[in-house]
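Below is one structure, written out as structure tokens; comments come after it.
Side chains included, hydrogens not; waters and symmetry mates left out as well; all remaining heavy atoms used. Throughout, a chain's letter reflects where its sequence line sits, starting with A, and its residues are numbered from 1.
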Amino acid sequence: MKALILIALVFCAVPAAAQRRVIPPSDIKSGFEFLGPDLKKLQQDDFANPGTLWVDRGEKLWRAAAGGDGKSCADCHGDARTSMKGVAVSYPKIDERTGKLMSLEARILQSRVERQKAPPLARESEDLLALSAYITSLSRGLPMEANIDGPARRNFELGEAFFFRRRGQLNLACMHCHDANWGRTLFEERISQGHPNAWPAYRLDWQTMGSLERRLRACLSGVRAEILPYGSPEYTDLALYLSWRARGLPIESPGVRR
Amino acid sequence: MLLVNLMTAGSARAQSPPSPLVPYRVEGNAIDTPIAEPGDAQRGQTIVLDRTLSSCVLCHLVPDPDRRPMGNVAPPLAGVGARLTAGRLRLRMVDSTLVNPFSVMPPYYRVDGLHQVAPAWRGKPILDAQQIEDVVAWLMTLKEVAQ
């Protein structure tokens with residue numbers, strides 16, 4: 001009897017992965033919709049949006065020579081406004097050469113180390129955030145469209161399972177807040193649907209720009225769960241599920257959040 | 001149905017260290033026997049209003065003369081002391097998934113069967129047995145539905 005109940009509880013906690021987006025398509029809303037009027041204004045005005053500083057810095061870095069071969073991003077990719085437009089909408093995505101799922105940050109680091117022969121940038125460093133914010137901003141207004149067919153399938157399923165699994169001392173899954181309780185308030189903060197389309201974003205609470213992964217870590221430490229190192233495959237898989245779940249929403253980066 | 005510390009039972013967890021929890025007994029939908037000294041409602045209120053210690057007010061609106069900001073993820077707690085017995089409140093506090101497997105409320109007195117708990121909190125319940133009794137004592141004072 002005890003064993004049966006235990007098994008039942010374990011299964012409730014780990015539902016089988018089954019390509020779920022719980023929120024019906026007509027109800028999908030960007031985190032922007034859950035902001036107060038002041039933050040909405042701040043995000044929409046490029047001159048006031050603090051994220052613009054990172055975007056501008058990224059634009060300069062794009063053209064700056066770095067590393068052993070003295071090459072810039074522009075030397076290989078040309079004008080980012082054409083070559084990088086629309087690129088961010090399908091990240092994370094499978095790298096054809098390695099077969100591994102990669103976030104945009106991981107892709108930037110790969111180019112930097114392997115092509116530019118430059119030392120890697122630290123995760124959450126100003127330069128890495130600047131480059132990823134710049135590249136992402138070039139897809140502003142374009143709908144997110146993650147590809148989950150072929151080899152990405154497995155990553156997607158793992159990310160989906162992560163989203164629905166309870167974790168941490170508070171025993172909560174992502175879905176408990178972002179599927180079941182969006183629109184309600186937690187303490188005094190409105191819970192959004194947890195979409196990644198504004199990231200990298202400037203968060204007032206941090207007084208700086210941060211990656212999606214940093215935001216996810218904030219949610220995870222909120223439920224007192226273990227935090228994995230930056231770039232852990234678990235987070236990239238989760239980000240793929242989030243991108244698929246948010247498909248159709250326009251990219252907003254650099255977003256402004258509380 | 002009788003469950004004694006359900007989450008520590010079962011051979012799958014034979015290796016885990018002895019549970020730091022006071023054993024308790026779930027009968028029906030309640031834990032009728034207190035798990036510590038009689039609760040102090042005053043202390044209970046302090047615990048409930050403490051955002052980081054208990055986080056109750058993250059989700060629940062509770063009667064509070066100072067009108068601090070609170071969440072509305074969960075039902076307001078006004079009147080809960082009239083609706084539920086102490087035993088039922090105790091079970092709800094200890095591990096609300098024993099009441100409803102889909103519960104959104106954190107388990108306040110449980111250490112086993114949790115996934116990827118941060119090292120600082122691993123093996124520790126959110127509240128200790130005395131704090132559970134204190135909170136139950138305060139919840140029992142919430143007899144009025146609206147203030």
* Show the numbers, then the answer: is there a side-chain contact (heavy atoms from CB on, under 4.5 Å) between B/R110 and A/N171? => CA-CA 10 Å; B/R110 166 177 167 188; A/N171 201 33; 3.8 Å; yes
* Side chain from CB out, backbone as N, CA, C, O: work out which of these in A/I191 comes under 4.5 Å of a heavy atom of chain B, or both, or neither. => side chain
* **Side-chain donor or acceptor of B/N72 paired with backbone N/O of A/T185 under 3.5 Å** => yes
* Take atom NZ of A/K41 as the centre, draw a 6.0 Å sphere, and report whether it contains more than 12 heavy atoms from other residues, nucleotides or ligands. => no
* To do: Give the member of B/V57, B/L61, B/I126 that has the highest number of heavy-atom pairs under 4.5 Å with chain A.
  => B/I126
* Asked: Is the backbone of B/K124 close enough, under 3.5 Å, to the side chain of A/Q169 for a donor and an acceptor to pair up by distance?
  -> yes
* **Interface residue of largest heavy-atom contact number with chain A, from B/A120, B/S55, B/C59, B/S103, under 4.5 Å** => B/S103
* Asked: Is there a side-chain contact between A/L220 and B/Q116, using heavy atoms and a 4.5 Å cut-off?
  -> no
* To do: Mind checking the CZ-CZ spacing from A/F187 to B/R68? Nearest 0.5 Å is all I need.
  => 9.5 Å
* **From A/R166 atom CZ to B/F102 atom CZ, the distance as rounded to the nearest 0.5 Å** => 9.0 Å
* Interface moiety of A/L170 toward chain B, non-hydrogen atoms closer than 4.5 Å -> both
* Asked: In terms of heavy-atom pairs under 4.5 Å with chain B, which of A/R224, A/R167, A/H176 leads?
  -> A/R224
Can you give each donor-acceptor pair under 3.5 Å made by side-chain atoms of residues 24-34 of chain A, sequence neighbours left out, with the distance rounded to 0.1 Å?
{"from": "A/S30", "atom 1": "OG", "to": "A/F32", "atom 2": "N", "distance (Å)": "3.1"}
{"from": "A/S30", "atom 1": "OG", "to": "A/N197", "atom 2": "ND2", "distance (Å)": "3.2"}
{"from": "A/S30", "atom 1": "OG", "to": "A/E252", "atom 2": "OE2", "distance (Å)": "2.4"}

* Could you tell me which portion of B/R51 (side chain, backbone, both or neither) has an atom closer than 4.5 angstrom to a non-hydrogen atom of chain A? => side chain
* Asked: Under a 4.5 Å heavy-atom cut-off, does chain A meet the side chain of B/T52, its backbone, both or neither?
  -> backbone
Side-chain donor-acceptor pairs under 3.5 Å in residues 205-214 of chain A, sequence neighbours left out?
{"from": "A/S211", "atom 1": "OG", "to": "A/E124", "atom 2": "OE2", "distance (Å)": "2.4"}
{"from": "A/S211", "atom 1": "OG", "to": "A/E213", "atom 2": "N", "distance (Å)": "3.3"}
{"from": "A/S211", "atom 1": "OG", "to": "A/R214", "atom 2": "N", "distance (Å)": "3.2"}
{"from": "A/E213", "atom 1": "OE1", "to": "A/G231", "atom 2": "N", "distance (Å)": "3.4"}
{"from": "A/E213", "atom 1": "OE2", "to": "A/G231", "atom 2": "N", "distance (Å)": "2.7"}

* **Atom CZ of B/R122: over 12 foreign heavy atoms under 6.0 Å** => yes
